[in-house]
Amino acid sequence: MPDLDTIVSLCKRRGFIFPGSEIYGGLANSWDYGPLGHLLKQNIKKAWWKFFVQEREDMVPLDSAIIMNPKVWEASGHLENFSDELAECKECHHRFRVDHLLEAKGLEPKYDKEPSKLPAKIKCPDCDGTLTEPKAFNLMFKTFIGTTEDGASAAYLRPETAGGMFVNFKNILTVTRRKLPFGIAQIGKCFRNEITPGNFIFRTREFEIGEFEYFINPNEWEKVFEMWLGEIKRWWKDIMRVNMDNLVWHEIPDGERAHYSKRTVDIEYKYPFGTKELHGIAYRTDFDLSRHEKVSGQDLKYTDPETGEKFLPHVIEPTFGIDRMLLVSLLEAYHEEEAPTAEEGETDKRVVMKFPKWLAPIQVAILPLSKKEELAKIAKPLAAELRRDFSVDYDETQSIGKRYRRQDEIGTPYCLTVDFDSLEDKKVTVRDRDTMKQERVAIKEVKDYLKEKFNQ
Ligand code: GAP
């Protein structure tokens, strides 16, 4: 696996991800998705949506607001409990997460209501200064609605998308006339004022989540939980095609789960900076709906059409960080290998991003052998035609060898070369990214040829 610096540098060089606000000296831990990063992220979101929502009969979509009534966060417990404990260095004033400080010394953090105690031997990791007592720090970004900055106008940027799905549960039930079990899904931006962001896009203050709340009758929770675990495995194995040995299925033991959860599995990944959370799945019981019922005073119960029984549905919640999935797709795709150059018998190192074909930001590159007008006359209409079905790059600068290497480095599955023979035989050379094998294909057949390849 590559180290993180290799990936960060490739991302900047090739336009996947840039440091945020760079011309102003940047903003720590903020990142902008460049042209290729945007396409890669879109592909992940589209595939996630197709797999978990569109192809299923039991899911409905939602796109709820980022700024919601603050009562939502009172009900969900975020106002009271969505905090990390931090300790500040009395010398350099840097702040650290207490659980990270304890873990670094091989000690178990305790996730309970009582404030943690830091042993005196734990000093500031940056300057060895003395640390303050741990203090809770709420991770929600606070803002104000309208022109007055007072308590009455305070609001928060959502730290997760789940709240929107719970507060719309009754609306959705009414308009869709769904029967249990069914899920509400959405993808959207979330904001957390993380104390220690870092590791590139692994932990940032602004990120995207794809998650769904799957409403069930509590008597079927174990079966449904297993069903979703199976689907999550299928997602990683068959769609994202990751090396399953790099995933860790971490069953969170009793005492470490949130108090309302009867089962939680964290899906972890062996990143170059350690094995850490990628995403999760939790059985949240009826905690959320019961809290919203209590705080809003609205009846959020469901009536079983067959038995007439009225009850609050329980919830299984699979949740996915889109940016972490993207980071994993970059780490999995990165390969370095010896490859032949244009010189007979010579090889050099090529970097190739072996994304699954559907995931590649550019699917087809059209590379006329030279800038000559007669080649452009064939290559440009071909590019225009292929753009209707594929994401296409057109590049006529530099040597063909350099252009192949560039396309390898951004993971383009197929390069099409238009050369002077093309004028005669009306064919192009199609080069496969992984095997580097080349094949002549008739121009009028190339679209179907590619469609078949992408469907394999
Ligand atoms: N509704 C459940 C929920 O929000 P979470 O574990 O707090 O659960 C969901 O967050 C996912 O969002 C995580 O599993 C992770 O993939 C991603 N995530 C959380 N905090 C993040 C951050 N600061 N930067 C990037 N991704 C983050």
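Counting starts at 1 for both ligands and their atoms, following the listed order. In this chain, residues are counted from 1 in sequence order. Quick caveat: nothing in here was measured; it's all calculated off a predicted structure.
Using a non-hydrogen distance threshold of 4.0 Å, L278 registers as a contact of ligand 1. Ligand 1 lies within reach of T319, whose nearest heavy atom is under 4.0 Å from it.
Of all atoms in ligand 1, listed by their number and element, those nearer than 4.0 Å to a heavy atom of I209 are 4 (O), 9 (C), 12 (O). Atoms of ligand 1 lying under 4.0 Å from at least one heavy atom of E194, given by number and element, are 20 (N), 22 (C), 23 (N). Near E317, meaning under 4.0 Å from one of its heavy atoms, ligand 1 places the atoms 1 (N), 2 (C).
A perpendicular orientation is assigned to the rings of W73 and H78, their planes being inclined by more than 60° (bins at 30° and 60°). Ring planes of Y271 and F202: perpendicular class, angle over 60° (limits at 30 and 60°). Note on ring orientation: taking the six-membered ring where Trp is involved, the planes of W31 and F200 are perpendicular (angle over 60°, cut-offs 30° and 60°). Ring-plane geometry between Y260 and F287 is classed as parallel, the angle between the planes falling under 30 degrees on a 0 to 90 degree scale with a further cut at 60. Relative ring orientation between Y414 and F454 is described as perpendicular, the plane-to-plane angle rising above 60° on a 0-90° scale split at 30° and 60°.
Applying the salt bridge (Lys or Arg N to Asp or Glu O under 4.0 Å) rule to pairs touching residues 308-334 yields K41-D323, R284-E317, D299-K310, sequence neighbours excluded.
Among protein heavy atoms, the minimum distance from atom 25 (C) of ligand 1 is reached at F202 O, 3.1 Å. The nearest protein atom to atom 13 (C) of ligand 1, hydrogens excluded, is given as E277 OE2, 3.2 Å; this is a heavy-atom distance. Atom 24 (N) of ligand 1 has its closest protein heavy atom at T204 N, 3.0 Å. From the protein, the heavy atom lying nearest to atom 15 (C) of ligand 1 is R324 NH1, 3.6 Å.
Among E160, M325, R284, R158, the residue whose heavy atom lies nearest to atom 1 (N) of ligand 1 is E160. Between atom 22 (C) of ligand 1 and the options F212, F207, F191, F82, the minimum heavy-atom separation is to F207.
Considering only residues two or more places apart in sequence or on other chains, K354 meets the side-chain hydrogen bond (donor to acceptor under 3.5 Å, both in side chains) condition with E337.
Side-chain N or O atoms of R291 include one that pairs as donor or acceptor with a backbone N or O of A75 at under 3.5 Å.
When all heavy atoms of L326 and I44 are compared, the pair lying nearest together is CA-CD1, 3.5 Å.
For R203, heavy-atom contacts with ligand 1 shorter than 4.0 Å involve the backbone as well as the side chain. Only the side chain of R192 comes within 4.0 Å of ligand 1, judged by heavy-atom distances.
Partner E409 forms a salt bridge (Lys or Arg N to Asp or Glu O under 4.0 Å) with one of R14, R350, R433, K402 and no other, that one being R14.
Annotation: E211 places an N or O atom under 3.5 Å from an N or O atom of ligand 1; distance criterion only. Considering both main-chain and side-chain atoms, G321 comes within under 3.5 Å of ligand 1 through a nitrogen or oxygen pair.
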